[in-house]
Amino acid sequence: SVRFWWGIIVAKTMGDKAKIFTLSQVSEHNQAHDCWIVINGKVYDVTKFLEDHPGGDEVLLSSTGKDATDDFEDVGHSESAREMMEQYYVGEIDPTTIPKKTKYTPPKQPHYNQDKTSEFIIKILQFLVPLAILGLAVGIRIYTKSP
């Protein structure tokens, strides 16, 4: 589309002053014929690289519309792959448009220690066990008593 090509022309003709994109703008480029990704705060148009990407085009297409830095770093790309990225560079991402990563915190639940029996059960057993022993002793005494 015209806006797509204009974005590349503007970004490449600005020289040292890089074009700044919002994550929303980058996420509009999410098709096989128009694919942009964000890695380490930089925006790359990887449309022409989709066919050549060793992991397949689906890997890149699934990374559009988000910060793909973690995905990129987890794979462990080579230095030559990092150098190759320069030819696809179109600008910088506005960091305020990238959602902050939140650390998962599980919901608060009452503490349960499965190694120890609850105090309530212990109290019941402290009452019932002696009672059962006493009942057993009385039963044996009655059963063994001769008539």
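Positions are given from 1 along the sequence.
With Thr64 contributing its side chain and Trp36 its backbone, the two residues share no donor-acceptor pair below 3.5 Å.
Interatomic distance, Asn40 CG to Phe72 CZ, rounded to the nearest 0.5 Å: 7.5 Å. Rounding to the nearest 0.5 Å gives a distance of 11.5 Å between OG of Ser62 and CG of Asn30. Rounded to the nearest 0.5 angstrom, Thr47 OG1 and Ile37 CD1 are separated by 10.0 Å.
Summarising the geometry of Ile93 relative to Ile20, their closest heavy-atom pair is C-CG2, 4.4 Å, with the distance given to 0.1 Å. The minimum heavy-atom distance linking Pro99 with Leu23 is given by the pair CD-CD2, 3.8 Å. In plain terms, the two heavy atoms of Met84 and Gln87 that are nearest each other are O-CG, 3.0 Å.
For the pair Phe21/Val90, a side-chain contact is recorded, criterion being any heavy-atom separation below 4.5 Å from C-beta on. Here the side chains of Ser63 and Ile39 are not in contact, with every heavy-atom distance at 4.5 Å or above.
Annotation: salt bridge (charged side-chain N to carboxylate O under 4.0 Å, His left out) contacts of Asp94 (sequence neighbours excluded): none. Every residue meeting the side-chain contact (heavy atoms from CB on, under 4.5 Å) condition with Ala81, not counting sequence neighbours, appears here in chain and number order: His77, Ser78. In this structure Glu92 satisfies the salt bridge (charged side-chain N to carboxylate O under 4.0 Å, His left out) test together with Lys42, sequence neighbours excluded.
Counting only residues at least two apart or in different chains, ring pair (Phe, Tyr, Trp, His ring centres under 6.0 Å) contacts with residues 51-70 comprise Phe49-His53. Judged as a salt bridge (Lys or Arg N to Asp or Glu O under 4.0 Å), the pairs with a partner in residues 67-76 (not counting sequence neighbours) are, in order, Lys66-Asp71, Asp70-Lys101, Glu73-Arg82.
Applying the under-4.5 Å side-chain rule to Ile, Leu, Val, Met, Phe, Trp and Tyr, the cluster around Leu136 extends to Ile140.
Linking Ile, Leu, Val, Met, Phe, Trp and Tyr residues whenever their side-chain heavy atoms come within less than 4.5 Å leaves Val59 and Leu50 in two separate clusters. Under the 4.5 Å side-chain heavy-atom criterion for ILVMFWY residues, no single connected hydrophobic cluster contains both Val75 and Met85.
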